[in-house]
Amino acid sequence: PADLPAEAVPVPDSSVSEAGSDASPNRTTQLYRAALGPVNTGRYLQVFERFDAAGRRRPVWHSAAGVFTLGWLVFRRLWLEALGYGVLMGVVAGLCVWAWPTIEAWPPGVRWGLLGAWLLASTLPPGLAGYGLVHRQVQWRLLRAVAAARSVDDACIILARQAATRRRLWLLVAAYAAVWLLFAGW
């Protein structure tokens, strides 16, 4: 289920919808909206529409995924990706601490270059893959919700329960601010 092509998004037929239901003309968009929640839904829908039209996911820059990767992964409930990214950053930090006596002897230009390379390597891949990761996850959730629901409205309710919320966004912003204040020495 993790590598579903973009065209695998289910578009429920009329037999799934209840009689008399006010389903929108584009049920997939309705399901996407429910799955994404209220935060940046319009932008995600634009990108998802391009993915679906092309039949595949392509790299599209996502600033929050690139700059605030771990928090963004948690916000979008991409748990395995968050675990992998956290472990990778922990290993890199551990290697830097372990090798610091050697790195400290290097010229400042080399150290700055290494820092720049690390920043580039830690922001570009998640920034370019962010929308694709969410698209893959949302498609998987759509398949599960549509299979479990009796109508499009029921599927939307199931999806909305798992969607990102403004409250979760503000909790993550507060967590980032607290960490920043700790490192700033306040």
Side-chain angles (χ1 to χ4, degrees), residues 1-4 6 8-10 12 23-24 26-52 57-93 119 121-149 151-184 186:
D3 294 323
L4 293 172
V9 175
S24 69
N26 188 341
R27 293 184 183 128
T28 302
T29 301
Q30 182 182 0
L31 292 165
Y32 276 158
R33 280 188 186 284
L36 290 167
V39 182
N40 293 330
T41 308
R43 177 66 179 141
Y44 279 95
L45 289 175
Q46 288 174 348
V47 174
F48 286 10
E49 183 179 317
R50 288 195 312 226
F51 288 170
D52 292 341
R57 297 173 193 99
R58 296 173 188 234
V60 177
W61 180 252
H62 191 300
S63 299
V67 178
F68 303 107
T69 305
L70 192 57
W72 177 82
L73 290 168
V74 169
F75 175 68
R76 286 293 170 189
R77 301 180 83 169
L78 295 161
W79 304 119
L80 288 176
E81 292 84 350
L83 177 65
Y85 187 82
V87 166
L88 181 63
M89 290 299 113
V91 167
V92 169
L119 286 172
S122 66
T123 57
L124 267 183
L128 290 172
Y131 285 110
L133 291 172
V134 174
H135 188 252
R136 183 192 69 205
Q137 179 215 42
V138 166
Q139 284 186 326
W140 182 72
R141 288 177 44 216
L142 288 181
L143 288 171
R144 287 184 37 210
V146 168
S151 70
V152 173
D153 292 336
D154 288 346
C156 287
I157 290 169
I158 292 168
L159 292 166
R161 285 186 198 135
Q162 302 165 355
T165 63
R166 293 199 188 281
R167 180 176 182 265
R168 189 180 327 149
L169 175 64
W170 286 111
L171 288 172
L172 281 166
V173 168
Y176 265 94
V179 168
W180 185 82
L181 289 173
L182 280 173
F183 282 109
W186 286 35

Q: Using the side-chain contact (heavy atoms from CB on, under 4.5 Å) rule, take Q137 and L78 through it: C-alpha gap first, then chi angles, then the decisive distance, then the call.
A: CA-CA 8 Å; Q137 179 215 42; L78 295 161; 3.7 Å; yes
Q. Between T28 and F48, does a side-chain contact (heavy atoms from CB on, under 4.5 Å) hold up when you go through it step by step?
A. CA-CA 10 Å; T28 302; F48 286 10; over 6 Å; no
**Q.** Verdict with supporting geometry, R57 and Q139, side chain to side chain donor-acceptor pair (under 3.5 Å)
**A.** CA-CA 12 Å; R57 297 173 193 99; Q139 284 186 326; 2.6 Å; yes
(Q) Please evaluate residues D153 and Q30 with respect to the criterion side-chain contact (heavy atoms from CB on, under 4.5 Å), reporting the C-alpha separation (whole Å), side-chain torsions for both, the decisive distance (0.1 Å), and the verdict. (A) CA-CA 9 Å; D153 292 336; Q30 182 182 0; 3.5 Å; yes
Enumerate donor-acceptor pairs with a distance under 3.5 Å from any side-chain N or O in residues 33-40 to protein atoms, sequence neighbours excluded.
none

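Each of Y44, F68, F75 was scored for a ring-ring contact (aromatic ring centres under 6.0 Å, His included) with H62, with one residue passing: Y44.
Shown here are the side-chain contact (heavy atoms from CB on, under 4.5 Å) partners of E49, two or more places apart in sequence or in another chain: there are none. Remark: T123 pairs with no residue by the side-chain hydrogen bond (donor to acceptor under 3.5 Å, both in side chains) rule, at least two apart or across chains. Residues passing the side-chain contact (heavy atoms from CB on, under 4.5 Å) test with Y85 are T69, L70, L73, M89, S122, P126, sequence neighbours excluded. With sequence neighbours excluded, no residue forms a side-chain hydrogen bond (donor to acceptor under 3.5 Å, both in side chains) with R50. V74 meets the side-chain contact (heavy atoms from CB on, under 4.5 Å) test with W79, A82, L172; sequence neighbours excluded. With sequence neighbours excluded, the residues that form a side-chain contact (heavy atoms from CB on, under 4.5 Å) with A145 are A155, I158, L159.
The two residues D52 and Y32 have their closest heavy-atom pair at OD2-OH, 2.8 Å. Closest approach of W72 and L133 over heavy atoms only: CZ3-CD1, 4.4 Å.
Among pairs with a residue in residues 163-178, none fulfils side-chain hydrogen bond (donor to acceptor under 3.5 Å, both in side chains), at least two apart in sequence or across chains. Residues in residues 70-90 take part in these salt bridge (Lys or Arg N to Asp or Glu O under 4.0 Å) pairs, two or more places apart or across chains: E81-R136.
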